[in-house]
Structures are given as C-alpha cells and as structure tokens.
Amino acid sequence: MITIEPTWTPERVDQLKTYFEAGLSCRDIAVNIGVSRNAVIGKLSRLNLTRTTPDERRARRKKSTAHAAQRATAKQQLRLLQAVYEQVPDDAPIVSANNCSLLELSEQRCRWPISTPGADDFCFCGNTPLGGMPYCSGHYRLAYQAGSRQRAMRG
C-alpha cells in the first residue's frame, strides 16, 4: 500500500523559515527543500512571512492609487482631442456650389448624391473632397458619424 506523506513536515517548515530569513529566493528555497516554487510561495503566505514591512505595503498602495487618480478618463480624453482638432459643429450647413452629373463625376469631386435618383434635379455635390476620401468635409461628417459608444461618452 502506498502512503502519502504530507508536503510540509515540521522539518521542512523549519528549513523554509531558515532559508527565508537568509534571504534566498523562492526558487532557491524550492530547489533546496524539494517542492515547487508555488508551494513555497503558498506556505510563506500562510505563515504570514513577507519581505516587505507594513509601512512599505502602505506606501505601495498610496503610490498606486495616486497614479490611478492622475489617469484621464475616456470623457476627458475625448474633450482634449476635440479641443485639439477643433471640429466643425455637426449642424453646420453644407453648401454644394459645384453640382455635377454622373458623367462629370471624378475623384476630384465629392460623390454625395443630392436629391432622389431619377428625379429631374438629381446631381452630385461636386465640392473638393478630403484627401483620399470620396466626400467633402461636410458630407464626410454625415457619412462617417462617431459610433454609439462615442456618442454616449459625449453625454
């Protein structure tokens, strides 16, 4: 019959405490005792043996909470970006002064359709588009609106 011996015998616990007080790393202690590194860490935790003093732990907590308070929230970041890029208001009127037909349409003209296809007054905007985009700045704002998450952050 196989007998299972406990991992932490009183002799091993004494060795653990001796090695810990000598300043050995958890890995070195584990190799010397013959257990895993995680077993050493767990036993040290259960014995309340730590290398830091309570004052050092408090200082770490204060430092981490102070750092977290300095981070900007998503709403603050959005406001900062809006201030930097000075966006045009969404309700600004769009003036389509260069209307063109389908045959006159090219890459140098805004492709936003005006009116209903098939109607007598149907045409395209024709203004100068933004670099690499199919629409002018006014129609770009209409075509590429911010997602619902961004709208919710705006408030």
Side-chain angles (χ1 to χ4, degrees), residues 1-96 105-114 116-117 124-155:
M1 183 147 93
I2 299 174
T3 59
I4 300 174
E5 295 181 27
T7 305
W8 291 107
T9 61
E11 295 83 29
R12 278 187 170 170
V13 174
D14 290 338
Q15 282 182 320
L16 173 71
K17 289 179 181 178
T18 306
Y19 291 142
F20 180 76
E21 290 168 2
L24 267 66
S25 69
C26 291
R27 180 184 167 274
D28 294 335
I29 295 171
V31 169
N32 290 334
I33 295 178
V35 295
S36 70
R37 179 179 161 268
N38 284 342
V40 170
I41 293 170
K43 189 63 175 178
L44 288 172
S45 177
R46 288 188 296 276
L47 294 172
N48 290 325
L49 295 174
T50 60
R51 297 194 196 276
T52 59
T53 64
D55 294 333
E56 290 174 343
R57 277 184 245 133
R58 271 191 233 110
R60 276 190 193 158
R61 267 189 244 126
K62 285 181 183 177
K63 184 179 178 182
S64 65
T65 55
H67 180 67
Q70 290 176 353
R71 284 188 236 140
T73 63
K75 201 172 217 177
Q76 291 170 332
Q77 290 174 350
L78 179 65
R79 287 185 186 139
L80 177 67
L81 289 173
Q82 285 175 339
V84 169
Y85 290 105
E86 296 179 18
Q87 294 179 345
V88 180
D90 290 337
D91 57 349
I94 302 167
V95 179
S96 300
L105 200 57
S106 68
E107 288 191 22
Q108 290 78 30
R109 295 183 150 207
C110 175
R111 299 182 191 133
W112 189 266
I114 297 176
T116 306
F124 293 91
C125 173
N127 290 341
T128 306
L130 293 173
M133 302 304 280
Y135 306 123
C136 64
S137 62
H139 290 120
Y140 176 85
R141 286 193 321 268
L142 292 175
Y144 303 103
Q145 294 183 0
S148 61
R149 181 178 178 188
Q150 292 169 334
R151 273 187 240 124
M153 281 193 292
R154 272 193 246 152

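All heavy atoms count here, side chains included; hydrogens, waters and symmetry mates do not. Because the structure is predicted, anything quoted here is derived from the model rather than measured. Here, residue 1 is the first one in the sequence, and each next residue gets the next number.
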side-chain contact (heavy atoms from CB on, under 4.5 Å), that's the test. Do Val13 and Lys43 meet it? Break it down for me. CA-CA 8 Å; Val13 174; Lys43 189 63 175 178; 3.9 Å; yes
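- Glu11 is linked by a side-chain hydrogen bond (donor to acceptor under 3.5 Å, both in side chains) to Thr9, counting only residues two or more places apart in sequence or in another chain.
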Kindly determine whether Leu16 and Leu47 satisfy side-chain contact (heavy atoms from CB on, under 4.5 Å), including the steps that lead there. CA-CA 10 Å; Leu16 173 71; Leu47 294 172; 3.9 Å; yes
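- For the side-chain hydrogen bond (donor to acceptor under 3.5 Å, both in side chains) test, no residue two or more places apart in sequence or in another chain qualifies with Ser36.
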How far apart are the C-alpha atoms of Val40 and Tyr19, what are their side-chain angles, what is the distance that settles it, and do they pass the side-chain contact (heavy atoms from CB on, under 4.5 Å) test? CA-CA 11 Å; Val40 170; Tyr19 291 142; over 6 Å; no
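- Residues forming a side-chain contact (heavy atoms from CB on, under 4.5 Å) with Ser25 (at least two apart in sequence, or on another chain): Arg27, Asp28.
- Considering every non-hydrogen atom in both Arg51 and Gly23, the closest pair reads NH1-CA, 3.8 Å.
- Below 30°, between 30° and 60°, or above 60°: for Trp112 and Tyr135 the angle between ring planes is above 60°, a perpendicular geometry.
- Asn32 contributes atom CG, which lies 11.5 Å from atom OG1 of Thr18 (distance to the nearest 0.5 angstrom).
- Every residue two or more places apart in sequence or in another chain that forms a side-chain hydrogen bond (donor to acceptor under 3.5 Å, both in side chains) with Ser106 is listed here: Gln108.
- Residues Cys110 and Cys125 share a closest heavy-atom pair of SG-CB, 3.6 Å.
- Partners of Ser137 by side-chain contact (heavy atoms from CB on, under 4.5 Å), not counting sequence neighbours, listed by chain and number: Leu130.
- Checking side-chain atoms of Arg12 against main-chain N and O of Thr7 turns up a donor-acceptor pair under 3.5 Å.
- The ring-ring contact (aromatic ring centres under 6.0 Å, His included) search around Phe20 returns none, not counting sequence neighbours.
- Residues Arg111 and Phe124 approach most closely at O-CD2, 3.3 Å, considering heavy atoms.
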